[in-house]
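One is the number of the first residue; the rest follow in order along the sequence.
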Amino acid sequence: LAGLLTFLDLGVGNGFVSHIAKVKVTGGFEEFRCTVTRGLILLALIGTVVGILLYLLNLWIPFETIISVETEQAQEDARVSAWIFIGLFSLGIPLNGIYQIFQGLQKSWVVHSLKSSGSILSILAVVILSANEADPGDLLMATYGVQTLLPAILLVYIVKKNWISYIYNS
């Protein structure tokens with residue numbers, strides 16, 4: 001489902017990669033910082049709008065009514081999983097922008113290394129959670145949640161490297 005909805009970033013993510021690459025070569029450090037900051041802010045705004053729209057859509061047509069589930073517990077699991085998915089998907093739009101910064105800098109190895117580590121972590125979490133008969137929401141967090149939230153680790157690096165501008169330059 002997440003793959004089907006990736007178009008909701010309106011192509012900004014792909015443009016962000018290209019613009020980061022261009023600015024890193026032709027611009028100065030301050031222009032790079034402004035590009036990183038503005039790109040992440042724009043993706044955060046898009047993620048917020050998408051989150052609100054998906055929230056309203058799920059209120060109007062609840063996910064648990066779309067899929068065929070027979071028990072109340074299955075309906076509750078579907079309901080909780082839908083809300084978790086909406087939150088993660090919305091957060092994933094700006095967080096994926098962090099990966100796109102590194103791709104624009106021709107450092108895709110960082111992205112792939114982190115994603116691979118996240119996959120290993122997810123597998124371990126699923127094995128442990130399954131052995132303890134975890135709820136579907138917990139399993140969703142262990143898989144999609146880990147992969148979606150993992151770029152936040154790189155945000156610490158970006159802030160430490162001073163790639164984010166805190167002052168608005170027109």
Side-chain angles (χ1 to χ4, degrees), residues 1-14 16-17 20 36 39-40 43-44 46-161 163-164:
L1 184 59
L4 292 173
L5 296 175
T6 55
F7 71 90
L8 290 175
D9 82 344
L10 308 174
V12 171
N14 289 334
F16 192 35
V17 172
I20 288 287
V36 167
L40 291 176
L43 288 168
I46 292 170
T48 301
V49 169
V50 167
I52 291 168
L53 291 174
L54 290 174
Y55 172 84
L56 293 173
L57 180 64
N58 196 42
L59 286 177
W60 184 46
I61 307 171
F63 180 71
E64 64 272 15
T65 64
I66 296 172
I67 61 172
S68 177
V69 290
E70 296 180 14
T71 67
E72 279 187 37
Q73 182 61 46
Q75 284 182 342
E76 178 64 15
D77 289 342
R79 187 184 68 72
V80 169
S81 295
W83 290 120
I84 291 171
F85 174 81
I86 289 168
L88 289 174
F89 185 80
S90 302
L91 283 171
I93 292 174
L95 287 175
N96 198 40
I98 295 169
Y99 281 152
Q100 291 159 333
I101 293 167
F102 285 85
Q103 290 170 335
L105 294 173
Q106 303 299 311
K107 294 185 178 186
S108 292
W109 66 270
V110 173
V111 174
H112 296 303
S113 298
L114 197 58
K115 284 184 175 184
S116 298
S117 300
S119 294
I120 293 168
L121 181 62
S122 289
I123 291 169
L124 293 172
V126 166
V127 168
I128 292 167
L129 289 170
S130 295
N132 291 308
E133 299 180 11
D135 293 330
D138 295 334
L139 294 169
L140 181 60
M141 284 299 296
T143 53
Y144 186 55
V146 167
Q147 291 298 325
T148 301
L149 300 174
L150 213 50
I153 292 171
L154 294 175
L155 187 57
V156 174
Y157 179 82
I158 288 170
V159 169
K160 185 174 176 150
K161 286 294 210 175
W163 290 358
I164 295 180

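Lys160 contributes atom NZ, which lies 14.0 Å from atom CG of Leu155 (distance to the nearest 0.5 angstrom). Distance check: Ser119 OG to Leu124 CG gives 11.0 Å after rounding to the nearest 0.5 Å. Atoms CG and CD1, on Leu154 and Ile101 in that order, are 9.0 Å from each other to the nearest 0.5 Å.
The two residues Leu40 and Ile98 have their closest heavy-atom pair at CD2-N, 4.0 Å. The heavy-atom pair separating Ala142 from Val126 by the smallest distance is CB-CG2, 4.3 Å. Here the closest heavy-atom approach between residue Gly118 and residue Gln147 is recorded as C-NE2, 2.9 Å.
Residue pairs meeting the salt bridge (charged side-chain N to carboxylate O under 4.0 Å, His left out) criterion with at least one partner in residues 92-105, sequence neighbours excluded, are absent. The stretch residues 124-153 participates, sequence neighbours left out, in no salt bridge (charged side-chain N to carboxylate O under 4.0 Å, His left out) pair at all. Residues in residues 103-118 take part in no salt bridge (charged side-chain N to carboxylate O under 4.0 Å, His left out) pair, two or more places apart or across chains.
Taking the side chain as every heavy atom from C-beta outward, Val111 and Gln103 approach each other to under 4.5 Å. With contacts defined as side-chain heavy-atom distances shorter than 4.5 Å, the pair Leu129/Met141 does not qualify.
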task: Any chance you could lay out the side-chain contact (heavy atoms from CB on, under 4.5 Å) test for Val110 and Tyr99, step after step, and finish with the verdict?
output: CA-CA 8 Å; Val110 173; Tyr99 281 152; over 6 Å; no
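Remark: Lys161 engages Tyr157, Trp163 in a side-chain contact (heavy atoms from CB on, under 4.5 Å) (not counting sequence neighbours). Partners of Ser117 by side-chain contact (heavy atoms from CB on, under 4.5 Å), not counting sequence neighbours: none found. Considering only residues two or more places apart in sequence or on other chains, Thr48 meets the side-chain contact (heavy atoms from CB on, under 4.5 Å) condition with Ile52. Listed by chain and residue number, nothing satisfies the side chain to side chain donor-acceptor pair (under 3.5 Å) test with Asn58 (two or more places apart in sequence, or in another chain). Remark: Leu53 engages Val49 in a side-chain contact (heavy atoms from CB on, under 4.5 Å) (not counting sequence neighbours).
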Only distances under 3.5 Å count here; give the side-chain donor-acceptor pairs of residues 69-94 to other protein atoms, sequence neighbours excluded, each with its distance to 0.1 Å.
residue	atom	partner	partner atom	Å
Thr71	OG1	Ala74	N	3.0
Gln73	NE2	Asp77	OD1	2.9
Glu76	OE1	Arg79	NE	3.1
Glu76	OE1	Arg79	NH2	3.3
Glu76	OE2	Arg79	NH2	2.6
Ser81	OG	Asp77	O	2.9
Ser90	OG	Gly51	N	3.3
Ser90	OG	Ile86	O	2.8

